[in-house]
There are 2 protein chains.
Amino acid sequence: MGLAKSEMFTDKQNLISSYAKVFGHPARVAILEHLFAINSCICGDLVDVIGLAQPTISQHLKELKNIGLIKGNVEGTSVCYCIHKENWTAMKATINKFLDQDINCNTDCC
Amino acid sequence: MGLAKSEMFTDKQNLISSYAKVFGHPARVAILEHLFAINSCICGDLVDVIGLAQPTISQHLKELKNIGLIKGNVEGTSVCYCIHKENWTAMKATINKFLDQDINCNTDCC
DNA sequence: TATATTTATCGTAATATTGCAATATATAAA
DNA sequence: TTTATATATTGCAATATTACGATAAATATA
């Protein structure tokens, strides 16, 4: 079917997988890394930096914005994007809780 | 096209997105959580726990095994799965480095 | 107003993912 | 060897994702 039966899973599980899905494409990873690297807003040059067509970049930015990890301000004819820090922190807490499950797991059975 | 142009991105970016892709489905999140929760190997009951058909679970387990996050030992007619702890730790280091980029980012421009 | 610039949206083609029925495989037990 | 049990694989249908050309929308400038 290709449809994840989200109602079968907990809200937390769906949230984790939603964040992960956004990180599940190297272009979005690259976009986020660039936003962090320049340590400021970015206006326009993402198309040159990433190397994908402008509509494709716009689509990836939309997904990042939809899940709340970036925000964009219109500045003249261009749009200025940057990391949404509060939401990034909240996302980190959710993901880290999932990743840190191993610290309570002591058995080594296989 | 639907094809991620992996050669356009760094190995690190591709690795991060590969891990994230695996976490990008709630069923695999649920499987991993269950493996951690029971704190031991699991033989067979995943189909009952997750609520998807046996071939579907088998497919998700395969993806988790392919990326190295779980390992499976044949025990009689069943297979015993558990977390691959060394690889889980390595994965955590990679993902955390990506997630912790915000600690070096002080600007708040938007 | 007309033009240039930048970003978003639409439409569509190519590919990937998901889910499961049917079936194959492998091992244990009778 | 036959049967039962557990898992893997195959094949396929439904859906999702990705990419981009064409175009629209929005704003700045001449």
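All chains are named by letter (A, B, ...) in the order of the sequence lines, taking the proteins before the strands, and each is independently numbered beginning at 1.
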Asker: Looking at DNA chain D, which of residues 60-69 of chain B put a heavy atom within less than 4.0 Å of it?
Answerer: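 Of all residues in residues 60-69 of chain B, the ones placing a heavy atom under 4.0 Å from DNA chain D are Lys62(B).
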Asker: May I have the distance from Lys71(A) (atom NZ) to dT7(C) (atom P), rounded to whole angstrom?
Answerer: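 The answer, rounded to whole Å, is 19 Å.
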Asker: Given atom CD1 of Ile70(A) and atom C1' of dA8(C), what is their separation to the nearest angstrom?
Answerer: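 Distance, rounded to whole Å: 13 Å.
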Asker: At under 4.0 Å, does any side-chain N or O of Tyr81(A) touch on OP1 or OP2 of dA8(C)?
Answerer: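 For Tyr81(A), the contact criterion (side-chain N or O under 4.0 Å from OP1 or OP2 of dA8(C)) is met.
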Asker: I need a per-nucleotide contact map over nucleotides 21-30 of chain C, read 5' to 3'. Cutoff is protein heavy atoms under 4.0 Å; write B for the base, S for backbone only, - otherwise.
Answerer: BB----BS--
Asker: Can the ring centroids of Tyr19(B) and Phe23(A) be said to lie less than 6.0 angstrom from one another?
Answerer: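 Tyr19(B) vs Phe23(A): aromatic centres not under 6.0 Å.
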Asker: What residues form a side-chain hydrogen bond (donor to acceptor under 3.5 Å, both in side chains) with Gln59(B), not counting sequence neighbours?
Answerer: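 With sequence neighbours excluded, Gln59(B) shows a side-chain hydrogen bond (donor to acceptor under 3.5 Å, both in side chains) to no residue whatsoever.
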Asker: Filter on salt bridge (charged side-chain N to carboxylate O under 4.0 Å, His left out), then keep only pairs touching residues 52-65 of chain A, sequence neighbours left out; what's left?
Answerer: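 Those involving residues 52-65 of chain A are Arg28(A)-Glu63(A).
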Asker: Can you list every salt bridge (charged side-chain N to carboxylate O under 4.0 Å, His left out) pair that touches residues 91-101 of chain A, not counting sequence neighbours?
Answerer: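 Qualifying pairs: Lys92(A)-Asp100(B), Lys92(A)-Asp102(B), Asp100(A)-Lys92(B).
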Asker: Rounded to the nearest angstrom, tell me the gap between atom CZ in Phe23(B) and atom C1' in dT17(C).
Answerer: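 Atom-to-atom, Phe23(B) to dT17(C), this comes out as 18 Å.
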Asker: Looking only at side-chain N and O atoms, does Ser58(B) come under 4.0 Å of OP1 or OP2 in dT7(D)?
Answerer: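 Answer is no, no contact under 4.0 Å.
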Asker: Check whether any side-chain heavy atom of Trp88(A) sits under 4.5 Å from a side-chain heavy atom of Ile70(A), and report yes or no.
Answerer: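 Of all side-chain heavy-atom pairs linking Ile70(A) with Trp88(A), none is under 4.5 Å.
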Asker: Nearest whole Å is fine: how far is dG19(C) C1' from Ile31(B) CD1?
Answerer: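 The answer, rounded to whole Å, is 13 Å.
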Asker: Taking ring-ring contact (aromatic ring centres under 6.0 Å, His included) as the test, write out the residues that go with His60(A), two or more places apart.
Answerer: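 Testing His60(A) for ring-ring contact (aromatic ring centres under 6.0 Å, His included), a comparison that skips the adjacent residues, returns His25(A).
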Asker: Would Glu33(B) and Gln13(A) count as having a side-chain donor-acceptor pair, cut-off 3.5 Å?
Answerer: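 On atom types as modelled, these side chains qualify, holding a pair under 3.5 Å.
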Asker: How about Ile83(A) and Gln101(B): do any of their side-chain heavy atoms sit closer than 4.5 Å?
Answerer: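 No, too far: nothing below the 4.5 Å cut-off.
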Asker: Starting at atom CG of Asp48(B), determine the distance to atom P of dA6(D), rounded to an integer number of angstrom.
Answerer: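 Asp48(B) atom CG is separated from dA6(D) atom P by 10 Å.
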Asker: Specify the separation, in whole Å, of atom CD1 of Ile50(A) and atom C1' of dC20(D).
Answerer: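 Roughly 16 Å, once rounded to whole Å.
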Asker: How many whole angstroms separate atom NE2 of His25(B) from atom P of dT18(C)?
Answerer: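 The answer, rounded to whole Å, is 5 Å.
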Asker: Round to the nearest Å and state the distance from Ile57(B) atom CD1 to dG19(C) atom P.
Answerer: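 So the CD1-P distance, Ile57(B) to dG19(C), works out to 9 Å.
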Asker: Where the side chain of Lys21(A) is concerned, which of dA16(D), dT7(C), dG19(C) is the nearest nucleotide?
Answerer: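 Closest nucleotide to the Lys21(A) side chain: dA16(D).
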Asker: To the side chain of Gln59(B), which of dC20(C), dA8(D), dT7(C) is closest?
Answerer: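 Ranking dC20(C), dA8(D), dT7(C) by closest atom to the Gln59(B) side chain puts dC20(C) first.
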Asker: Is there a side-chain contact between Leu52(A) and Val47(A), using heavy atoms and a 4.5 Å cut-off?
Answerer: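 The answer is no; the side chains never approach within 4.5 Å.
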